[in-house]
*Asks:* 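One structure follows; several queries about it will come next.
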Number of protein chains: 2
Amino acid sequence: MAEKNIRERIKEVAVEHFNSNGYHGTTIRNIAKDVNCSLPMIYYYYNNKKELFDEIIKKEYFDLLKRQAALLRTNSIIDFYTKFVYDLNFLSNYEKKVYRLGIKVYLSFDGDEELMEIMDEWEKTILPRHYQILKPYLKNTDNDIGIVRTLVHLLETLIESIVVKNRFLPEEEIQEEISIVLRGCE
Amino acid sequence: MAEKNIRERIKEVAVEHFNSNGYHGTTIRNIAKDVNCSLPMIYYYYNNKKELFDEIIKKEYFDLLKRQAALLRTNSIIDFYTKFVYDLNFLSNYEKKVYRLGIKVYLSFDGDEELMEIMDEWEKTILPRHYQILKPYLKNTDNDIGIVRTLVHLLETLIESIVVKNRFLPEEEIQEEISIVLRGCE
DNA sequence: ATATACTCTTAACGAACGTTAGATATGGGG
DNA sequence: CCCCATATCTAACGTTCGTTAAGAGTATAT
C-alpha cells in the first residue's frame, strides 16, 4: 500500500491525461510514469485502457452531475441558477477535469458509442427537470418551453466557459445573463 | 491524375477521420484506404500528418467562418441572427465536419497549442463584432454588453447543436430563443 | 527516341503502443 | 518458520504507427 490508494492515484492521473490528449493520445506508459509506478500496475487495478476510461465517465462524471443537481434551491430563481453556475468556478481541479472529460464525451468528441448512448439518455432528462424547477415562476404564456430551452442552452455555454475553457466567470456576469433570459419571471 | 483532384480527396477523407477519431485516433493508413490510394501518396501531397490537420483548420475552417460572417443583413436583427443559425442546417456534410473539427480545436479538445492560440485570437474578435452589429438596435441601457454577451453565448450553443450534435433546429425554435434574449430590441 | 518531370507503388524502417508472462517483494496467519 | 495471498516489478510479446527509401509507370518536351 503506497502513500495514497494507488488505484485512485491512477484514476486521477488518467483523468489528467485523457483530458489533455484524448483517449487515443493517452498511453498507459505515460500514466504509469506520472503515478510513479510500473506499467503493469495499471493492469493490476484495471483490466484495460477502456475500462479505466469508462470508470471515469460512468462513475466520476455522473456522480459529479448528480451531486450538482442536488443543490438546494434559494428563494429567488435567478439566484438559484446563478449560484448553480457560479459554484462551478470553485470545483477542484480534479472535478473540473472530470467534468470537462464528460462534456467531451457528451459532444461525442471522445469515448465510444456505448458511452454516447448513456449521455443521450441523460440529455433527455435535462429539459423536463428544468421545466419542473422553473414551472412556478413561468407566466403560462405560449413560449414557456422556449424560455426553459433558452435558459438550458445558455447554461450549457456558461458551464463550458468555466469547465472546458477554464475561465473564471464573475457572479455578476452570470446573474446578468440569466436575468436577461428570465426577464419577467418571478 | 485521378477522377478528382487526389489532394482534395485526401483532405475530405481526413476531415471525416479526424472528426470521428480525433487526431491521435486517425491513422494515415486508414485515410489512404478510404481514398483508395497507397499510403505514401499522402506524404506526396502533405509533408506529414500534422500538416494535413493544420491545413484543415487553418484553411478550411477559417474560410468557412469568414464566408459565414459575410452574410448579408436583413432588415430585422432577429431575422438576421435566426437566418445566421438556421442556414447552418444546410451546410454540406463536409462543411459541417470541418466546422465540428474547428469547434473541437476551439474547445481545445484536439489540436495543439499553436492552433489554440489562433483560436484565441479569433475569439477576441467575436464580442466586438456582434456589438457592432447590434449597436443600432440596443437601447443604451447599462446592460447592453450583457445582452450582446448573452446572445453570443446562446448562438454558441445553437451552433453546437446543429454542427456538433448534428441536430436539425427548426427556424421557429431558433427565432424564439433569439427573440427571448433580444426581447425589447428593435 | 530519349531525357525529364510528375504521379504513384511496394516494401521496409525504427519507434511506440496495449497487453501479458513470469518473477520478486511483502506481510499476516498457521 | 513457513505458507499463501496480495502487491509490485522486469522483460518481453505481437501489432500498429508515422515515415521514408527506392523505384515503376506515364506523359510531355526536346
Side-chain angles (χ1 to χ4, degrees), chain A residues 1-60 101 104-105 109-115, chain B residues 1-60 101 104-105 109-115:
Chain A
M1 201 104 57
E3 320 97 61
K4 205 182 170 181
N5 189 343
I6 286 209
R7 211 190 120 94
E8 291 305 304
R9 279 277 302 141
I10 291 173
K11 190 153 60 181
E12 274 174 34
V13 172
V15 164
E16 199 113 10
H17 283 233
F18 283 134
N19 222 315
S20 309
N21 311 112
Y23 182 81
H24 288 106
T26 295
T27 74
I28 308 285
R29 278 170 176 80
N30 284 337
I31 293 176
K33 193 184 295 169
D34 278 9
V35 174
N36 247 319
C37 71
S38 74
L39 192 158
M41 192 76 291
I42 305 203
Y43 287 91
Y44 183 72
Y45 290 109
Y46 299 91
N47 280 319
N48 49 48
K49 189 179 177 183
K50 181 165 160 27
E51 189 181 290
L52 178 54
F53 188 80
D54 281 7
E55 176 162 325
I56 291 168
I57 298 299
K58 289 183 185 168
K59 264 189 62 182
E60 301 291 304
L101 202 51
K104 200 168 171 179
V105 175
F109 281 146
D110 213 334
D112 56 7
E113 286 199 9
E114 184 214 349
L115 291 178
Chain B
M1 201 104 58
E3 321 96 60
K4 205 181 169 180
N5 190 345
I6 287 207
R7 211 190 122 93
E8 291 304 305
R9 278 279 302 142
I10 291 174
K11 190 154 59 181
E12 274 174 34
V13 172
V15 165
E16 200 113 10
H17 283 234
F18 284 134
N19 222 315
S20 310
N21 311 112
Y23 181 81
H24 289 106
T26 295
T27 74
I28 308 284
R29 279 171 175 79
N30 285 338
I31 294 176
K33 194 185 295 172
D34 279 9
V35 174
N36 248 317
C37 71
S38 74
L39 193 159
M41 191 78 288
I42 303 196
Y43 288 91
Y44 183 71
Y45 290 109
Y46 298 90
N47 279 320
N48 49 47
K49 189 179 176 182
K50 181 164 160 27
E51 189 181 289
L52 178 54
F53 188 81
D54 281 7
E55 176 163 326
I56 291 167
I57 298 299
K58 290 184 186 167
K59 263 188 62 183
E60 301 290 305
L101 202 51
K104 200 168 173 180
V105 175
F109 281 145
D110 214 334
D112 57 7
E113 286 199 9
E114 185 215 347
L115 291 178

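When reading the values below, keep in mind they use all heavy atoms of this one structure, side chains included, and skip hydrogens, waters and symmetry mates. Just so it is clear: chains get the letters A, B, ... in the order the sequence lines come, proteins before strands, and each one is counted from 1.
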*Asks:* D/dT16 P sits how many Å from B/H17 NE2, rounded?
*Replies:*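 Atom NE2 in B/H17 sits about 16 Å away from atom P in D/dT16.
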
*Asks:* Taking the side chain as C-beta and beyond, is there a heavy-atom pair between B/E51 and B/N48 under 4.5 Å?
*Replies:*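 SC-SC contact between B/E51 and B/N48 confirmed.
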
*Asks:* Going by heavy atoms in the side chains, are A/K11 and A/Y45 under 4.5 Å from each other?
*Replies:*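 They are not in side-chain contact.
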
*Asks:* Is any side-chain heavy atom of B/D112 closer than 4.5 Å to one of B/F53?
*Replies:*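 A side-chain contact under 4.5 Å is absent here.
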
*Asks:* Could you pick out which residue, A/P40 or B/N47, lies toward the 5' side of DNA chain D when each is mapped onto its nearest nucleotide?
*Replies:*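 First, find each residue's nearest nucleotide; the 5'-ward one identifies A/P40.
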
*Asks:* At less than 4.0 Å, is any side-chain N or O atom of B/Y45 found next to OP1 or OP2 of C/dT7? Yes or no.
*Replies:*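 For C/dT7, OP1/OP2 do not have a side-chain N/O of B/Y45 under 4.0 Å.
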
*Asks:* Atom CD1 of B/I42 and atom C1' of C/dT9: how far apart are they, to the nearest Å?
*Replies:*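 About 13 Å, once rounded to whole Å.
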
*Asks:* In residues 22-35 of chain B, which residues come under 4.0 Å of DNA chain D by heavy atom?
*Replies:*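 When residues 22-35 of chain B is checked for heavy atoms under 4.0 Å from DNA chain D, the hits, listed by number, are B/T26, B/T27, B/I28, B/R29.
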
*Asks:* D/dT20 P sits how many Å from B/Y46 OH, rounded?
*Replies:*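 Rounding to the nearest Å, OH of B/Y46 and P of D/dT20 are 17 Å apart.
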
*Asks:* Check whether any side-chain nitrogen or oxygen of A/Y43 sits under 4.0 Å from OP1 or OP2 of C/dA21, and answer yes or no.
*Replies:*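 No, outside the criterion.
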
*Asks:* Would you mind reading off the distance between B/R7 atom CZ and C/dC6 atom C1', rounded to a whole angstrom?
*Replies:*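 Interatomic distance, CZ of B/R7 to C1' of C/dC6: 15 Å.
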
*Asks:* Return the value, rounded to whole Å, for the distance between atom CE of B/M41 and atom C1' of C/dT7.
*Replies:*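 In whole Å, C/dT7 C1' lies 6 Å from B/M41 CE.
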
*Asks:* Could you pull out all residues at least two apart from B/D34 that satisfy salt bridge (charged side-chain N to carboxylate O under 4.0 Å, His left out)?
*Replies:*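 B/D34 satisfies salt bridge (charged side-chain N to carboxylate O under 4.0 Å, His left out) with no other residue.
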
*Asks:* If you count heavy atoms of other groups shown closer than 6.0 angstrom to NZ of B/K50, is the number above 12?
*Replies:*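 Check passes, neighbour count above 12.
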
*Asks:* In whole angstrom, what separates A/I6's CD1 from D/dA7's P?
*Replies:*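 Atom-to-atom, A/I6 to D/dA7, this comes out as 10 Å.
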
*Asks:* Separation of A/N36 atom CG from D/dT8 atom P, in whole Å?
*Replies:*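 Answer to the nearest Å: 13 Å.
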
*Asks:* Are any of A/Y44's side-chain N or O atoms less than 4.0 Å away from OP1 or OP2 of D/dT8?
*Replies:*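 Negative; the distance criterion is not met.
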
*Asks:* Report yes if the side chains of B/K58 and B/L115 come closer than 4.5 Å at any heavy-atom pair, otherwise no.
*Replies:*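 B/K58 vs B/L115: side chains touch.
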
*Asks:* Is there side-chain contact between A/H24 and B/Y23, with heavy atoms separated by less than 4.5 Å?
*Replies:*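 A/H24 vs B/Y23: side chains apart.
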
*Asks:* Separation of B/L39 atom CG from D/dT19 atom C1', in whole Å?
*Replies:*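 In whole Å, D/dT19 C1' and B/L39 CG are 9 Å from each other.
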
